Every structure is written in C-alpha cells, then in structure tokens.
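Please read the structure below before turning to the comments.
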Amino acid sequence: MTGPLMTGERLDALARAGLVWHPTGEAALRGPLLRLADDCDRAFVRLASGWEAQEERHPATLPAELLQRVDYLRSFPHQATFAVAMDGDEANLEAFLSGPVLTGSGAVAPAALAPVRDVLTPAACYHLYRAHEGESLDRPLHLTTRNTCFRREHEYVPLRRLRSFSMREVVCLGTRAETAAFLAALRERVERFCELVGLPVEWANATDPFFRPQRNPKALLQRIAPVKHEAVYGDLAIGSTNDHHDRFGEGFGIDRDGAPAHSACVAFGIERWLFALTDRHGTDPAGWPALPDAAAEAADAAGGRP
Ligand code: ATP
Ligand code: ZN
Ligand code: MG
C-alpha cells in the first residue's frame, strides 16, 4: 500500500487509465477511470437497495444562511469555499475592465464584490435537510444524492485529497432507533462489499475537522460520544458513517413521531475509491472487480430487505 505521496510512475499509470490531474487540486476523469467512477457510484446506490432511497439531484451551492443553522461557518471556516460575484454596478465593472483583469500571479484583479451569500457544497447531504424542511414524517425517510463537494485543504494529492470531489451519500431521517438500525445495516453491507471487491478496510472512530477544536464544544462532544466512523483503506478514509442525532431535524424543522427527526448519513468519496481500487488491483481495467454485481451480492448477503 502506498503512502500519501505518489510517484511519477504511479501518476503516469493513472493518466493512462484516464486521470487528468491539475496540481491546483482538481481531477478530471475519462476512459476506464471514468467508467470505474460510474460503477462505484452505481454500486453505492445498489448497496442501499431495499430502503427505496429516493434519488435527488441538487445544485452546486447552498445559502450560507441555511448552513449557519447548523453552525457550519463557525465550525469549518477553514474549509469553506464560496461562490462570489462582482458587484454588478456599472461603474464597478468599468473600473475592473479598465485594469489588468488578472494580476501577475493569475488572481482576478481586485473589484468590489456582491455580498457573499452562497457556499459551494461542502457535503452532499446538507441539501437534503433543506429540501425536506418543515416535513412531518410518518415513517423513516431514506434519500440518496450525489454532488461535487468543495473543501479547502492544506495540500492536494491526486485522487486522495482534492479541492472538488464527488460524494455519494445515503441518508436516513427517522427516530433514533430507525437511524441507528439504518447505519448498522448499511455499514454491514459496506463491509461485505469491501470483502467481495478485495479491499482491506478497517473502521475507525473519527471526529470532524473542527476549526480550533479545543475551543469548540461540538468537537469535544464528538470526542466524548463518537458520532462519526470512517472506513479506512491504509491511511485513507474512503467513506464515513455519521450520526447527526437530531441536529438537522431541529435545524430544519423536520419531525418524526412528534419530535425533531434524527438523521444519519453514509458518505462515499468516489475518487478515493478509485485510488484504493487501483492501488489494490492495478490500473489495468482487466484486473478490476465487477462493482455493481458485488454490491448487489453484499446487499443480499447482509439480509436482503432491511
Ligand atoms: P478526511 O479526514 O480524510 O479529511 P473528512 O472527515 O473530511 O475526511 P467527510 O467529511 O466524512 O471526510 O467526507 C466524506 C468522504 O468524502 C470521506 O470519507 C472521503 O472519502 C471523501 N473526502 C473528504 N474530503 C475529501 C477530499 N478533500 N478529496 C477527496 N475526497 C474527500
Ligand atoms: Zn452526510
Ligand atoms: Mg477533511
């Protein structure tokens, strides 16, 4: 298993399989790796078969005001990235155009900005709580979505740590018992799936990367009562299970059984699966396992319908 850095040889092999790497932290995919990414995504959805998780597709941004209901900006200011626009005032735009437009370092030349109100999606599932705001659930609600997620990180490493990456999530909103049962059952399926596709994965307690954790009561709470577990390949988290308690139910007014709904999500970082699968099985597609079939088998083996 390789460490965090990648040799030129490894990168060349990935390039031949379809990785286009931009050192600014973005990965484009084509050819075999793109097909593998699509297969991963199909497999993750198939792992959730039986819950009838409704698929939703959401935009790239979220209003900061909505994220702030769950204290996002105070918890993760170091990771947040924003969609910004110039102030549309004609004089402002004229002044911008009369300048160099770009600075010598390639940054956009200073101009007055319109108020910043939108955050680029940090995790795919946030959109779902907003979309179901104010609902009273008479049974548990299962949803799935996928989005491009944006994170500011200290460094960017091909397929492992990206500025924008693809996240598939499966979410359950319900009572505490319903979300707990969902997490346990889906985790069992993920374990079985990893065995079937030959990926050695371990589970570890994790904490979200809060800004200044020593000063943040939420970070302390996560350490006392772990709510996040990561599926780790080598030293890389390729997925996580997250128990939000009733934080989103309360923040978005979603009720179940007369009380704020509990929620839980299972998140898969698709590019990291590409890293793990090619690390384990090589970059020649002939050596890759049949992912959607393995997912169907894992879902059946772990008890069929939940
Ligand atoms: P890490 O501890 O590695 O930074 P995280 O705790 O920030 O991960 P989550 O917020 O749980 O990650 O996001 C869900 C999944 O998205 C992760 O398990 C991982 O597979 C993937 N992921 C997170 N950050 C990145 C990134 N910068 N580039 C690529 N994939 C990522
Ligand atoms: Zn989530
Ligand atoms: Mg992180």
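Both counts, for ligands and for their atoms, begin at 1 and track the order of listing. Below, each value reflects all heavy atoms present in this structure, side chains not excepted, and no hydrogens, waters or symmetry copies. Bear in mind the structure is a predicted one, so any value in this text is a computation, not a measurement. This chain uses plain numbering: 1 for the first residue, then up along the sequence.
For a distance threshold of 2.8 Å, the protein N, O or S atoms nearer than that to the Zn ion (ligand 2), listed by chain and number, are Cys125 SG, Glu169 OE1, Cys265 SG.
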Ligand 1: protein N/O within less than 3.5 Å of ligand N/O:
from: ligand 1; atom 1: 3 (O); to: Arg161; atom 2: NH2; distance (Å): 3.0
from: ligand 1; atom 1: 3 (O); to: Arg272; atom 2: NH1; distance (Å): 2.8
from: ligand 1; atom 1: 3 (O); to: Arg272; atom 2: NH2; distance (Å): 3.2
from: ligand 1; atom 1: 4 (O); to: Arg161; atom 2: NH1; distance (Å): 2.9
from: ligand 1; atom 1: 4 (O); to: Arg161; atom 2: NH2; distance (Å): 3.4
from: ligand 1; atom 1: 6 (O); to: Lys228; atom 2: NZ; distance (Å): 3.3
from: ligand 1; atom 1: 6 (O); to: Glu230; atom 2: OE2; distance (Å): 3.2
from: ligand 1; atom 1: 7 (O); to: Arg151; atom 2: NH1; distance (Å): 2.9
from: ligand 1; atom 1: 10 (O); to: Arg151; atom 2: NH1; distance (Å): 3.2
from: ligand 1; atom 1: 10 (O); to: Arg151; atom 2: NH2; distance (Å): 2.9
from: ligand 1; atom 1: 11 (O); to: Lys228; atom 2: NZ; distance (Å): 2.6
from: ligand 1; atom 1: 11 (O); to: Ser240; atom 2: OG; distance (Å): 2.8
from: ligand 1; atom 1: 18 (O); to: Gly239; atom 2: N; distance (Å): 3.4
from: ligand 1; atom 1: 20 (O); to: Ala237; atom 2: O; distance (Å): 3.0
from: ligand 1; atom 1: 20 (O); to: Ile238; atom 2: O; distance (Å): 3.3
from: ligand 1; atom 1: 20 (O); to: Gly269; atom 2: N; distance (Å): 3.4
from: ligand 1; atom 1: 27 (N); to: Glu153; atom 2: OE2; distance (Å): 2.7
from: ligand 1; atom 1: 27 (N); to: Leu162; atom 2: N; distance (Å): 3.4
from: ligand 1; atom 1: 27 (N); to: Leu162; atom 2: O; distance (Å): 2.9
from: ligand 1; atom 1: 28 (N); to: Leu162; atom 2: N; distance (Å): 2.8
from: ligand 1; atom 1: 30 (N); to: Arg272; atom 2: NE; distance (Å): 3.4

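Ion pairing of Asp246 with Arg256 is absent here, as no side-chain N (NZ or NE/NH1/NH2) approaches a carboxylate O to less than 4.0 Å. Looking at Arg192 and Glu188, no side-chain N of the basic residue comes within less than 4.0 Å of a carboxylate O on the acidic one, giving no salt bridge. The pair Asp38-Arg35 does not count as a salt bridge, with every side-chain nitrogen at least 4.0 angstrom from each carboxylate oxygen.
A cation-pi arrangement is not found for Arg146 relative to Phe268, the charged atom failing to lie both closer than 6.0 Å to the ring centre and inside a 45° cone about the ring normal.
Heavy-atom contacts from other residues, nucleotides or ligands closer than 6.0 Å to CD of Glu55 number more than 12. Within a 6.0 Å sphere centred on CZ of Arg187, other residues, nucleotides and ligands contribute more than 12 heavy atoms. Within 6.0 Å of atom CZ in Arg152, 12 or fewer heavy atoms from other residues, nucleotides or ligands are found, so the atom counts as exposed in its surroundings.
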Verdict with supporting geometry, Val190 and Leu47, side-chain contact (heavy atoms from CB on, under 4.5 Å): CA-CA 7 Å; Val190 174; Leu47 280 177; 4.1 Å; yes

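Exactly one of Asp284, Leu33, Leu19 qualifies for a side chain to side chain contact (heavy atoms under 4.5 Å, CB included) with Thr278. That residue is Leu33.
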